[in-house]
Amino acid sequence: MYTPPAFREDRPEVLLRLMQSSRLPLLVSNGANGLPDVTHLPLLTDGTRIVGHLARANPHWKALREAGRAIAIFPGPEGYISPSSYASKAEHHRVVPTWNYEAVHAHGSVEIVEDAGRLHEIVSTLTDHHETPRAARWAVSDAPADFIAGQLKGIVGVVLTIEALIGKRKLSQNRPAADRDGALEDVSQDNAALADAMRAAREGN
């Protein structure tokens, strides 16, 4: 990922926060015919490992096992920035549109998990994580054990051990303060997530 110095993010705690807040990451590995294999799937991470699962019918898991390595891409808030939001537009008109966004790429080795016990742990952890905000929470243990055992046969787990992280937060840091304020005010009208990210970057968080 291209990361100019103004946009590069290296702080481990910030990278972890960005990964844990990403809604639907992508798992990418080398594929056949010079094209990558890509799967969209929910992933969880503690900053050391990334865990998730794929459908057994998805051939990507076999390619992952063969490749032995992958990149997990964690996209964050993003959105269009209009030159009209910049204070400098009124001064000299030498401005162009851009796109602000946050993303983290995690590189590492991959393990494919087929053991039923470990698969049960992976799906239980994922489920508990996403059910936590709900008033009426569902747990894997709510379903009949034999039904869950059958469902587990249709998936494989994936565990990526993080070896390198590349973070990018392109949030108007390269613009003058007045332009950053104008862009923030503009996106606040209809893109609250991006506005929060821009505000956090301006405050050094």
Side-chain angles (χ1 to χ4, degrees), residues 1 12-78 101-167 192-194 196-197:
M1 179 166 58
E13 69 278 10
V14 175
L15 296 174
L16 179 60
R17 184 186 78 213
L18 296 178
M19 289 190 291
Q20 291 180 334
S21 63
S22 184
R23 297 291 296 170
L24 189 65
L26 297 87
L27 192 62
V28 183
S29 63
N30 290 336
N33 302 319
L35 297 174
D37 290 316
V38 183
T39 297
H40 296 256
L41 74 168
L43 297 170
L44 290 183
T45 183
D46 59 4
T48 301
R49 301 189 314 155
I50 297 168
V51 298
H53 60 82
L54 297 82
R56 185 173 287 276
N58 182 349
H60 190 183
W61 73 269
K62 294 180 180 178
L64 282 165
R65 172 175 279 171
E66 183 175 346
R69 301 186 57 77
I71 298 176
I73 299 175
F74 296 84
E78 46 78 24
Y101 62 93
E102 294 182 306
V104 178
H105 290 192
H107 301 235
S109 58
V110 169
E111 176 192 7
I112 297 299
V113 177
E114 297 185 79
D115 175 75
R118 292 183 65 192
L119 281 174
H120 194 284
E121 180 182 357
I122 288 173
V123 297
S124 296
T125 301
L126 279 162
T127 300
D128 291 347
H129 173 77
H130 291 291
E131 288 283 337
T132 294
R134 297 176 57 83
R137 301 177 187 174
W138 184 88
V140 172
S141 58
D142 290 347
D146 59 341
F147 171 77
I148 294 299
Q151 294 294 301
L152 291 177
K153 293 178 181 178
I155 64 172
V156 296
V158 59
V159 178
L160 186 151
T161 299
I162 299 174
E163 297 173 3
L165 291 174
I166 300 175
L194 180 58
D196 287 344

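Hydrogens, waters and symmetry mates play no part in the numbers below; they use all other heavy atoms, side chains included.
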Q: Taking all non-hydrogen atoms of both residues into account, name the closest pair between Gly167 and Leu15 and its distance.
A: CA-CD2, 3.6 Å
(Q) I need the minimum non-hydrogen distance between Ile162 and Ala106, along with the two atoms involved. (A) CG1-CB, 4.4 Å
Q: First locate atom CD1 of Ile50, then atom CE of Met19, and finally report the distance between them rounded to the nearest 0.5 Å.
A: 6.0 Å
Q. Does any N or O in the side chain of Gln20 come within less than 3.5 Å of the main-chain N or O of Thr45, such that one atom is a donor and the other an acceptor?
A. yes
Q: Using a cut-off of 6.0 Å, state whether more than 12 heavy atoms not belonging to Asn58 lie near its atom CG.
A: yes
**Q.** Main-chain N/O of Lys153 paired with Arg56 side-chain donor or acceptor, under 3.5 Å
**A.** yes
(Q) For a 4.5 angstrom cut-off between non-hydrogen side-chain atoms, does Val51 reach Val159? (A) yes
Q | Straight-line distance of Leu44 CG to His129 NE2, nearest 0.5 Å | A | 5.0 Å
Q) Just by modelled atom types, is the Glu131 backbone N or O under 3.5 Å from a matching donor or acceptor in the Trp138 side chain? A) no
Q: Rounded to the nearest 0.5 Å, what's the gap from NE2 on His105 to CD1 on Ile71? Could you check?
A: 7.0 Å
Q) So how far is it from Thr127 OG1 to Ile122 CD1, rounded to the nearest 0.5 Å? A) 11.5 Å
Q. Passes side chain to side chain contact (heavy atoms under 4.5 Å, CB included), Leu126 versus His53? Steps please.
A. CA-CA 9 Å; Leu126 279 162; His53 60 82; 3.5 Å; yes
Q) To the nearest 0.5 Å, what is the distance between CZ (Phe74) and CG (Leu16)? A) 9.5 Å
Q) Taking all atoms of both residues into account, what is the closest heavy-atom pair of Leu43 and Gly52, and its distance? A) CD2-CA, 3.9 Å
Q) Counting N and O atoms only, with roles assigned by atom type, does the side chain of Asp142 sit under 3.5 Å from a partner on the main chain of Ala139, one being a donor and the other an acceptor? A) yes
Q) Just by modelled atom types, is the Thr132 backbone N or O under 3.5 Å from a matching donor or acceptor in the Arg137 side chain? A) yes
**Q.** Side chain Ser22, main chain Pro75, donor-acceptor under 3.5 Å
**A.** yes
Q. Going through the checks in order, is the side chain to side chain contact (heavy atoms under 4.5 Å, CB included) test met by Leu152 and His120?
A. CA-CA 7 Å; Leu152 291 177; His120 194 284; 4.0 Å; yes
Q. Between Leu160 and Leu27, is any pair of side-chain heavy atoms under 4.5 Å apart?
A. yes
Q: Give a yes or no on whether Glu121 atom CD has more than 12 heavy-atom contacts from other residues, nucleotides or ligands under 6.0 Å away.
A: no
Q. Can His107 and Ile166 be said to form a side chain to side chain contact (heavy atoms under 4.5 Å, CB included), step by step?
A. CA-CA 8 Å; His107 301 235; Ile166 300 175; 3.8 Å; yes
Q. Nearest heavy-atom pair of Leu64 and Ile112: which atoms, and what distance?
A. CB-CD1, 4.1 Å
(Q) So, taking the atom named CG in Leu41 and the one named CG in Leu24, what distance separates them when rounded to the nearest 0.5 Å? (A) 7.0 Å
Q: Measure from the side-chain N and O atoms of Asp115 to the backbone N and O of Gly117, and report whether any donor-acceptor pair falls under 3.5 Å.
A: yes
Q.
Is the shortest side-chain heavy-atom distance between Met1 and Ile73 below 4.5 Å?
A. no
Q) Considering all heavy atoms of both residues, which atom of Ala70 and which atom of Ser29 are nearest to each other, and what is their separation? A) CB-CB, 4.2 Å
Q. Is a side-chain N or O of Asp146 found less than 3.5 angstrom from the main chain of Ala149, in a donor-acceptor match?
A. no
Q: Quick one: closest heavy-atom pair of Glu102 and Ala197, and the distance?
A: OE1-CB, 3.5 Å
Q. Does the side chain of Gln151 come within less than 4.5 Å of Val123's, by heavy atoms?
A. no
Q: Decide yes or no on side chain to side chain contact (heavy atoms under 4.5 Å, CB included) for Val158 and Val156, but give the supporting numbers first.
A: CA-CA 7 Å; Val158 59; Val156 296; over 6 Å; no
